[in-house]
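A quick write-up on the structure given underneath.
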2 protein chains.
Amino acid sequence: MDYSHNMIRKFRERGLKITPQRLAIFNLLDGNTGHPTAEEIYSGLKKDFPNLSFTTVYNILKSIKEAGGIQELLIERERAHYDPDVSLHHHIICTRCGKLRDIFYTNTSEMRLPDDILKEFSVTGHQIHFYGVCRACSENEEEEEGKTAVPREGANAN
Amino acid sequence: MDYSHNMIRKFRERGLKITPQRLAIFNLLDGNTGHPTAEEIYSGLKKDFPNLSFTTVYNILKSIKEAGGIQELLIERERAHYDPDVSLHHHIICTRCGKLRDIFYTNTSEMRLPDDILKEFSVTGHQIHFYGVCRACSENEEEEEGKTAVPREGANAN
DNA sequence: AACTAAATTGCAGTTATTACAATTAAAGAA
DNA sequence: TTCTTTAATTGTAATAACTGCAATTTAGTT
């Protein structure tokens, strides 16, 4: 609720109109810790907006991002994930199944960058991404290995 | 040179064959701090291998990655960049022009993750990406603004 | 030189995202 | 409330990075 009100205010400040589609996306994002993709947001609204266009979803996400209302997480090649929590935290993804979790990490040392970088860039943000394999996937893998013949050496993918 | 020899050894260990295309990619990557994309690697080899296929480039990059010879940098939506330096360092990218630089950052505190994460995931790696605007791009932008009429309020994109 | 598994090629397919022109609708003014 | 303006939404086509697969070639061994 707070999130939506905030976004409405921010959109108004920027001279952007409040449309039903925008409201619906604000509400969908409000408190959402599921790191939805554009596709998931599109599907989530499709019931209420049968004519909803993907272009609209992408446009709205772009506007929200520009207003500082979401982080676009570039953590896997295939697609972007969106996180309405723009406070300092990190993420971990399972490289097998794509499971994505927040990491609330307090011990953040100051991230003072080298002077030559600071001279060349004005820094606007950063992201810290961890990669790993989740419990479920590593257990599945063991099963698979148990069932199949001994794999050829050097033939293991990923 | 060292890099190529290392990769040859690693490929042999894994039972992978040493082909001219693979050698050429090893050599192209050796000491390369330009964070090339698959396309750039493809173009770089095209002269010497007129029949080179994109599939081959992707396949080889995948093998090198599995052998621990490159980092795949997922720092921008459009494409992956490849970095043969797999030692601990970070990256910064200009969100306007895509200029990509290494950050050799010593002050890395230990990155001790919360226990619930460690219980759920076996962590294999992490990446730290900074975003910003480079000098050249912010100077260009000033020029642009100077040339154009006063922008309508709230109408500024990006 | 012959053999065999693996690598490369060529090309078609997939999928996330973007571009653009036409239509619709929000929000301020009358 | 209606009118008007300007932005937002829609639909569809295009882009671009990457993947899948069958056919051909080749590295590395015998």
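Residue numbers start from 1 in every chain, and the chains themselves are labelled A, B, ... in the order their sequence lines are given, proteins ahead of strands. Scope of the values below: all heavy atoms of this structure, side chains included, with no hydrogens, waters or symmetry mates.
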Using distance alone, with no hydrogens and no angle criterion, decide if [X] and [Y] have a side-chain donor and acceptor under 3.5 Å apart.
X	Y	value
B/His90	B/Asp102	no
B/Tyr82	B/Gln71	no
A/Tyr42	A/Lys46	yes

Can you tell me how far [atom2] of [N] sits from [atom1] of [X], to the nearest Å?
X	N	atom1	atom2	result
B/Ile60	C/dA7	CD1	P	10 Å
A/Ile8	C/dA27	CD1	P	10 Å
A/Ile25	D/dA8	CD1	P	13 Å
B/Leu52	C/dG10	CG	P	9 Å
A/Asn59	D/dA7	CG	P	14 Å
B/Phe49	D/dT25	CZ	P	17 Å
B/Tyr42	C/dT9	OH	C1'	10 Å
B/Phe11	C/dA6	CZ	C1'	13 Å

Touch class at under 4.0 angstrom, heavy-atom based, for [X] against every strand present:
X	result
B/Thr19	sugar-phosphate
A/Glu39	nothing
A/Glu78	sugar-phosphate
A/Pro50	nothing

- Message: With a 3.5 Å cut-off and heavy atoms only, can you find an N or O donor on one side and an acceptor on the other between the side chain of A/Thr55 and the base of C/dA19?
- Response: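 For A/Thr55, whose side chain was compared with the base of C/dA19, there is a donor-acceptor pair (under 3.5 Å).
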- Message: Looking at B/Lys17 and D/dT26, is any side-chain donor or acceptor paired with a base atom of the opposite kind under 3.5 Å?
- Response: no
Looking at [N], I'd like to know if its phosphate oxygens (OP1 or OP2) sit under 4.0 Å from a side-chain N or O belonging to [X].
X	N	result
B/Gln21	C/dT9	yes
A/Arg77	D/dA17	no
A/Arg12	C/dA27	yes
B/Arg79	D/dA16	no
A/Thr56	D/dT10	yes

- Query: A/Tyr58 side chain: which of D/dT9, C/dT17, C/dA27 is closest?
  - Reply: C/dT17
- Provide the closest heavy-atom pair for A/Ala67 versus A/Lys10 in the form atom of the first, atom of the second, distance. O-CD, 3.3 Å
- Which of parallel (below 30°), tilted (30 to 60°) and perpendicular (above 60°) describes B/Phe26 and B/Phe11?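 Plane angle over 60°, so perpendicular.
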